[in-house]
Amino acid sequence: MKLTDRIIVALDNMNEEEVCTFLDKSKQTYKTVKIGLELFYLLGPDFVKKIHHQYGVDIFLDLKLHDIPNTVSKAIRSLRNLPVKFLTVHLTGGKNMLSEALEEAKHSLPDTKLLGVSFLTSLGAHDFKEIYNFKETEVKATFSNLFKLALQTNIHGVVLSPLELDIVKNEEKLIGKKLIKVTPGIRFADEINSNHIQDQQRIATPEMAIQKGADFLVMGRSITQGMRTF
Ligand code: C5P
């Protein structure tokens, strides 16, 4: 698969008109775009259908669902038959939530792959200490547990920082199963060198993430604001 087919462009910080202008120019280059909370809250399911049909791109719907099992499963039912290739839920919602989400998705979104978000790539060691009182060493063990949990369910993939790819690959080997691995927190080498990484913390270049085993890379501002292409 060529590198650009592995890029999922995050359509953040844009209004509807700006999204259309961006896609008019780049729909030939990128196959998949990510619609997140910002655009979904503003423009809803019709916008998802419009972008998919008008530009022929696959949709990664990044709703990061995280609630009790019944609420998450009913939320998925409300998305019934939307043309969505990937949908995200938080792994920290726990096994019951993930199982019910998967069960509902089988009926309501049979062609959609469910991805479990581990921890946000904007969180660093200081945040883990502040929120969970984790020591540096405990962060790794917690990631391992989360990926173990993902592997024990039938979830199709995980969203993780490129720095955790080694941990998930280790767990995959132990359990003998593979997940789709999607990594946000991607910046071009010159952006990292000049510390132009905005709110992201656990980051890597596209080449490093692919080399470490990522199947897909989520890239937003580096492409949409930097106006960079591959
Ligand atoms: O602009 P940038 O490349 O930082 O955008 C990253 C995108 O990936 C954002 O849309 C953000 O919501 C998403 N994301 C993330 N970290 C996660 C999961 C999703 O940055 N763990």
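We count ligands from 1, going down the list as the structure has it; atoms in each ligand are counted the same way.
Atoms of ligand 1 found under 4.0 Å from any heavy atom of Arg221 (numbered from 1 in listed order, with element): 1 (O), 2 (P), 3 (O), 4 (O). Residue Ala10 approaches ligand 1 through these ligand atoms, each under 4.0 Å from one of its heavy atoms: 10 (O). Listed by number with element, the atoms of ligand 1 under 4.0 Å from a non-hydrogen atom of Pro184 are 8 (O), 14 (N), 15 (C), 16 (N), 17 (C), 18 (C), 19 (C), 20 (O). Close approach of ligand 1 to Thr121 (heavy-atom distance below 4.0 Å) involves ligand atoms 15 (C), 16 (N), 17 (C), 20 (O), 21 (N). Atoms of ligand 1 lying under 4.0 Å from at least one heavy atom of Asp12, given by number and element, are 9 (C), 10 (O). Taking a cut-off of under 4.0 Å to the non-hydrogen atoms of Val218, the atoms of ligand 1 that pass are 7 (C), 8 (O). Interface of Lys64 with ligand 1, defined as ligand atoms under 4.0 Å from a residue heavy atom, comprises 12 (O), 14 (N), 18 (C), 19 (C). Those atoms of ligand 1 with a heavy atom of Gln200 less than 4.0 angstrom away are 4 (O), 6 (C), 20 (O).
For Gln198, the closest heavy-atom approach to ligand 1 does not fall below 4.0 Å.
Contact annotation: the side chain of Leu146 approaches that of Phe119 to within less than 4.5 Å [non-hydrogen atoms, C-beta and beyond].
Between the side chain of His90 and the backbone N or O of Leu65, no donor-acceptor pair lies under 3.5 Å. Judged by distance alone, with hydrogens and angles left aside, the side-chain atoms of His156 form no donor-acceptor pair with the main-chain N or O of Leu115 at under 3.5 Å. The main-chain N or O of Ile197 is never found under 3.5 Å from a side-chain atom of Gln200 such that the two would form a donor-acceptor pair. Put simply, the side chain of Asp67 never gets that close to the backbone of Val72: no donor and acceptor are under 3.5 Å apart.
Ring to ring, Phe86 and Phe216 are close: their centroids are under 6.0 angstrom apart.
Taking only nitrogen or oxygen atoms, main chain and side chain alike, Lys34 reaches within less than 3.5 Å of ligand 1. For ligand 1, none of its N or O atoms has an N or O atom of Met219 under 3.5 Å away.
By the 6.0 Å contact criterion, NZ on Lys140 is open, its count of non-hydrogen atoms from other residues, nucleotides or ligands being 12 or less.
Across every non-hydrogen atom of Leu114 and Ala105, the tightest pair is CD1-CB, 4.1 Å.
Regarding atom 3 (O) of ligand 1, its nearest protein heavy-atom neighbour is Gly220 N, 2.8 Å.
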